[in-house]
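Throughout, protein chains are lettered first and strands after them, A, B, ... in sequence-line order, and every chain is numbered starting at 1. Only this structure's heavy atoms are used, side chains among them; waters, hydrogens and symmetry mates stay out.
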Amino acid sequence: MFDDIKSQIALRIDAYCQQNDLPTGKVEFRSIPFSGEWGMAAPLFPLAAADPNKTGPVPQHAQHLAERLKDAIALPEGFTRSEAIRGYLNLYFDTALYAASVIDQINREGAQFGNAPAAGQTVMVEYSNPNTHKPLHVGHLRNVILGGSVCNILEASGNKVIRANYIGDIGLHVIKWMCNYELYHAGEQPGEDKMRWMADLYSEADRRFHEQEGFEELVRDYFARWDAGDEHIHDLWLETRQWSMEGFEQVYALLGEHFDRIYFESDVEESGKQLVDQLIESGLASDGRPEKPVIVDLDAILGTKEEFRVAVILRSDSTSLYATKELPLAIMKFEEYDLDQSIYVIDVRQSLHMKQMQKLLELMGYPWAKRIHHLAYEIVNLPGNVIMSSRDGTVVLLDDLVREATQRALAVVREKNPGIDATTMTDVALKVALGAIKYPMISRENTKIVTFDWENALDFNGQSAPYIQYANVRANSILRRADKPGAHKASFGYPLEPSEVNLIELLSKLPDEISRSAKEFKPSSLASYAYELAKAFNDFYNQCQVLKAEGEMRVSRLSLVQASKVCLEKTLNLLGIQAPQVM
RNA sequence: GCCCCCGUAGCUCAAUGGACAGAGCACCAGUCUUCUAAACUGUAGGUUGUGCGUUCGAAUCGCACCGGGGGUACCA
């Protein structure tokens, strides 16, 4: 916002510099910290340091220059005063004009506010990537929330986004599950909660595999029949995979996620093996079978040392690996869509593998290989640096977490707002619970480990999603009680409270915040912003009366509340968090 | 060994190279006859892991250490 005014003033400063033997292009504006008053500031240290005629230390000279510029630059329309202080040139806006133009723009654009115009870029984001026949736990949640939020943010900043999900539908875990099913649960059908049922059978199969005498043998035999193309097993696989997929759909629906394109691991296994053959023929890969696997010695090819290492692309027994399938999948994506960027939301432990895949695709001559980006994020731990593992029984199941959080949220709603009907109450509780669960997953930087603990996840106070949701509910509550919600034209022709100025300033930053978090694939910065915005609103709410105010103050404040609601809801939605209207 | 990530208040985390490093939780002291107290105000809490460098200016950039985590030829 107001970039044109900033550059206009920068031009005037440059003109002054040119006339006075000073270097140009050294002055840039930023916002002023701790302002109770809205304005912008230019540090003059770069100019001072570059001034050939400077006498004395830089800070003093910067202050001197700030004073000279303060006198020399005529204030453009909309500014009230300027000051030179501690080496900074500060310019202050006419508060009423500024406030009115920000708030009017927000209320005019509504939910579109902050969006960048379409840039014609197509981006695919691959995320979630669950294994069928296995449960989703809290560790997987971070991936889904992060990926979904990144998609939302990229869309808001003008990209066409394709949400892709790559499903692990083959492998030992699937065979284990089916073998156990046929032996001990033949003919059984999943109940209402498919995910839970599949998960229970999976842990049963896994337990037998490790503990039950002879079960592993049975699984190996079963695997051999699968490999031989046993029709019955194939049919069972399709049926049980579908159950899993329906279980995933239930979870995605709960979380508010959807996908545009589903890829199955089984779809790319054959093409992967063919690709390996081609790589051997072309000489890039060396075939060590039957004793050793098929590898690509990237360091040897590139002349690097312990940087890309050796990529293993096919087992010595000719069965496929992760890498075998990753290659054709990448190719398929670019053949199917004209992608400007292909993003993989995968945890940081796979960084080397991603690096190898990208380099290998590059060596294979695909020019788009450079447009692959691994969006690495850290895992979710349990307190004491315990990694979630289904083997050790340390997983926190999504189901349990959501149920517990919803119950707690319901208890709070019942206490705080007993008047609302039962349907609304459960709806609100679910939105609050999901928000509370999601927020810690995206409010930390991608590269930081999230430690899950129940106490924290179920805390609805302070720096949390419910805090932000509550601020929005308060805004909604005011608007609901006002006579004509939405029809308020701001003028701000009265002395604004610092809390109002602060709130308006934050509101004006939304477009910048969206583009910044899109550029860095960092929902966390937007999550911080959402919290700051809610805090600023609560401060305003506490200090300024709206409904009891009169005249243009009332009208202006109502429009400010309306704009706050627009921005709070927008930000929450970008983070994948729903905004209830009452709490 | 080599590579990547992390290290900021007791705990969990913020902070485009910019003004005095900020929040939440916990602790202590206050605020509901008021648009919903899931809120707000105040007190206290810091050698930004250590050292050297770059810079007018470093939590932020570089180098070297220390501590923790992860990866490193047939798991994904």
Enquirer: Just compare C56(B), A23(B), A39(B) and give me whichever is closest to any side-chain atom of R474(A).
Expert: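 So the nucleotide nearest the side chain must be A39(B).
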
Enquirer: Under 4.0 Å between a side-chain N/O of T447(A) and OP1 or OP2 of C6(B), yes or no?
Expert: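 So the side-chain polar atoms of T447(A) do come within 4.0 Å of the phosphate oxygens OP1 or OP2 of C6(B), strictly under.
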
Enquirer: Is V473(A) touching bases, backbone alone, or none of the nucleic acid, heavy atoms closer than 4.0 Å?
Expert: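 Base contact.
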
Enquirer: Is the Y467(A) ring parallel, tilted or perpendicular to the Y531(A) ring (thresholds 30°, 60°)?
Expert: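 Ring orientation, 0 to 90° scale: tilted.
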
Enquirer: In whole Å, what separates the C1' atom of A15(B) from that of C2(B)?
Expert: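 About 33 Å, rounded to a whole number of Å.
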
Enquirer: Can you find a pair of side-chain heavy atoms, one from R220(A) and one from L172(A), that are under 4.5 Å apart?
Expert: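 Yes, at least one pair of side-chain atoms sits under 4.5 Å.
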
Enquirer: On a whole-Å scale, what distance lies between the C1' atoms belonging to C65(B) and A29(B)?
Expert: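 It works out to 45 Å between them.
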
Enquirer: Take the protein atom CG of N502(A) and the nucleotide atom C1' of A23(B), then report the distance between them rounded to whole Å.
Expert: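 Between C1' of A23(B) and CG of N502(A): 14 Å.
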
Enquirer: Can the ring centroids of F521(A) and H373(A) be said to lie less than 6.0 angstrom from one another?
Expert: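 Yes: the rings meet the under 6.0 Å criterion.
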
Enquirer: Roughly, in whole Å, what's the span from CG in N538(A) to P in G24(B)?
Expert: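 For the pair N538(A) CG and G24(B) P, the rounded distance is 11 Å.
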
Enquirer: Over how many whole Å does the gap from Y88(A) atom OH to A19(B) atom C1' extend?
Expert: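 In whole Å, A19(B) C1' and Y88(A) OH are 5 Å from each other.
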
Enquirer: Report yes if at least one side-chain N or O of N461(A) is closer than 4.0 Å to OP1 or OP2 of A39(B); otherwise report no.
Expert: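 The answer is yes; a side-chain N or O of N461(A) sits under 4.0 Å from OP1 or OP2.
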
Enquirer: Whole Å only: how far is the NE2 atom of H374(A) from the P atom of C4(B)?
Expert: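 It works out to 15 Å between those atoms.
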
Enquirer: Any side-chain donor-acceptor pair under 3.5 Å between Q545(A) and E550(A)?
Expert: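 Not at all, the side chains of Q545(A) and E550(A) share no donor-acceptor pair under 3.5 Å.
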
Enquirer: Please list, chain by chain and in numerical order, all residues satisfying side-chain hydrogen bond (donor to acceptor under 3.5 Å, both in side chains) with N165(A), sequence neighbours excluded.
Expert: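 Per chain and number, N165(A) pairs via side-chain hydrogen bond (donor to acceptor under 3.5 Å, both in side chains) with Y252(A).
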
Enquirer: Can you tell me which nucleotide in C13(B), A19(B), C56(B) comes closest to the side chain of R444(A)?
Expert: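 Nucleotide nearest to R444(A)'s side chain: C13(B).
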
Enquirer: According to a cutoff of under 5.5 Å between the ring centres and under 30° between the ring planes, does Y531(A) stack with the base of A23(B)?
Expert: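 A stacking contact does not exist, since Y531(A) is not both close and nearly parallel to the base ring of A23(B).
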
Enquirer: Within the structure shown, what part of the strands sits under 4.0 Å from P440(A) by heavy-atom distance: base, sugar-phosphate, or nothing?
Expert: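 No contact at all - P440(A) keeps every heavy atom at 4.0 Å or more from the nucleic acid.
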
Enquirer: Check K431(A) with D427(A), please: is the shortest side-chain N to carboxylate O separation under 4.0 Å?
Expert: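 Salt bridge between D427(A) and K431(A), a charged N being under 4.0 Å from a carboxylate O: yes.
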
Enquirer: Mind telling me whether C32(B) is syn or anti, cutoff 90° either side of 0?
Expert: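 With its glycosidic angle within 90° of zero, C32(B) counts as syn.
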
Enquirer: Under a 3.5 Å cutoff on both atom distances, Watson-Crick or G-U, what's the dot-bracket for RNA chain B ([ ] crossing, | other strand)?
Expert: (((((((..((((....[...))))..((((.......))))......(((((..]....))))))))))))....

Enquirer: Measuring only the C1' atom in each nucleotide, how far is G69(B) from A73(B)? A whole number of Å is fine.
Expert: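 Looking at atom C1' only, G69(B) and A73(B) are 23 Å apart.
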
Enquirer: Determine the interatomic distance between C1' on C13(B) and the same-named atom on C6(B); round to the nearest Å.
Expert: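 The answer is 13 Å between these two C1' atoms.
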
Enquirer: I'd like the C1' distance from G18(B) over to G30(B), given in whole Å.
Expert: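 Those two atoms are separated by 37 Å.
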
Enquirer: Tell me whether the guanidinium CZ or amine NZ of K509(A) lies under 6.0 angstrom from the six-membered ring centre of Y529(A) and within 45° of its axis.
Expert: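 Relative to the ring axis of Y529(A), which defines the angle, K509(A) lies outside at least one limit.
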
Enquirer: For V58(A) and for S524(A), find the nucleotide of RNA chain B with the closest heavy atom, then tell me which residue's nucleotide is more 5'.
Expert: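 The answer here is S524(A).
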
Enquirer: Rounding to the closest angstrom, what is the interatomic distance between G62(B) and G22(B) at atom C1'?
Expert: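 Between the two C1' atoms, the distance is 27 Å.
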
Enquirer: When the distance from NE2 of H61(A) to P of G57(B) is rounded to whole Å, what number comes out?
Expert: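 After rounding, the gap between these two atoms is 16 Å.
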
Enquirer: Can you find a side chain N or O atom of R480(A) that sits less than 4.0 Å from OP1 or OP2 on C35(B)?
Expert: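 So the side chain of R480(A) is outside the cut-off, no N or O lying under 4.0 Å from OP1 or OP2 of C35(B).
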
Enquirer: Compare side-chain N and O positions of K448(A) against OP1 and OP2 of G7(B) and report whether any pair is under 4.0 Å apart.
Expert: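 K448(A) to G7(B) OP1/OP2: side-chain N or O found under 4.0 Å.
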
Enquirer: Mind checking the P distance from A44(B) to G24(B)? Whole angstroms is fine.
Expert: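 Going atom to atom, P in each nucleotide, I get 15 Å.
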
Enquirer: By the 4.0 Å heavy-atom rule, please label E532(A) as base, sugar-phosphate, or nothing.
Expert: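 Nothing: the residue E532(A), judged by heavy atoms under 4.0 Å, touches no strand.
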
Enquirer: Between Y127(A) and Y166(A) (judged by ring centroids, cut-off 6.0 Å), do the two rings come close enough to count as a pair?
Expert: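 No.
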
Enquirer: Describe the nucleic acid contact of K535(A) in one word from base, sugar-phosphate, nothing, applying a heavy-atom distance below 4.0 Å.
Expert: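 Counting heavy atoms under 4.0 Å across all strands, the contact made by K535(A) is with sugar-phosphate only.
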
Enquirer: What is the distance, to the nearest angstrom, from the CZ atom on R86(A) to the P atom on G57(B)?
Expert: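 Spelled out: CZ on R86(A) to P on G57(B) is 17 Å.
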
Enquirer: Would you classify Y467(A) as touching base, sugar-phosphate or nothing, given that sugar-phosphate means primed atoms plus P, OP1 and OP2, and contacts are heavy atoms under 4.0 Å?
Expert: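 It contacts sugar-phosphate atoms only.
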
Enquirer: Distance check needed: C40(B) P versus Y541(A) OH, whole Å only.
Expert: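 That distance rounds to 12 Å.
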
Enquirer: May I ask you to say whether E552(A) pairs ionically with R554(A), meaning some side-chain N is under 4.0 Å from a carboxylate O?
Expert: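 Judged by the 4.0 Å cut-off on N to carboxylate O distance, E552(A) and R554(A) do not form a salt bridge.
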
Enquirer: Categorize V582(A) for me: base, sugar-phosphate, or nothing, with a 4.0 angstrom heavy-atom threshold over every strand shown.
Expert: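 Touches a base.
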
Enquirer: Measuring only the C1' atom in each nucleotide, how far is A9(B) from G45(B)? A whole number of Å is fine.
Expert: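 These two C1' atoms come out 6 Å apart once rounded.
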
Enquirer: What one-letter contact string describes nucleotides 63-75 of chain B from 5' to 3', where B marks a base within less than 4.0 Å of any protein heavy atom, S marks contact via sugar-phosphate atoms alone, and - marks no contact?
Expert: ------SSBBBBS

Enquirer: Answer yes or no: is there an ion pair linking E378(A) with K448(A), defined by an N-O contact shorter than 4.0 Å?
Expert: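 No, this pair does not count.
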
Enquirer: Counting side-chain heavy atoms from C-beta on, which of C35(B), C25(B), C6(B) comes nearest to D459(A)?
Expert: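 So the side chain of D459(A) is nearest to C25(B).
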
Enquirer: Separation of E513(A) atom CD from A15(B) atom P, in whole Å?
Expert: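 Answer to the nearest Å: 10 Å.
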
Enquirer: Should the pair E445(A)-K522(A) be classified as a salt bridge under the 4.0 Å nitrogen-to-oxygen rule?
Expert: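 Counted as a salt bridge, because a side-chain N and a carboxylate O are separated by less than 4.0 Å.
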
Enquirer: If you assign each of K548(A) and F45(A) to its closest nucleotide in RNA chain B, which residue comes earlier from the 5' end?
Expert: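 Between the two, 5'-proximity favours F45(A).
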
Enquirer: Will you find, in the side chains of S320(A) and E269(A), an N or O donor that is under 3.5 Å from an N or O acceptor?
Expert: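 E269(A) and S320(A) do have a side-chain donor-acceptor pair below 3.5 Å.
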
Enquirer: Classify the nucleic acid contact of N417(A) as base, sugar-phosphate or nothing, counting any heavy atom under 4.0 Å across all strands shown.
Expert: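 If one applies the 4.0 Å heavy-atom cut-off, N417(A) turns out to touch a base.
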
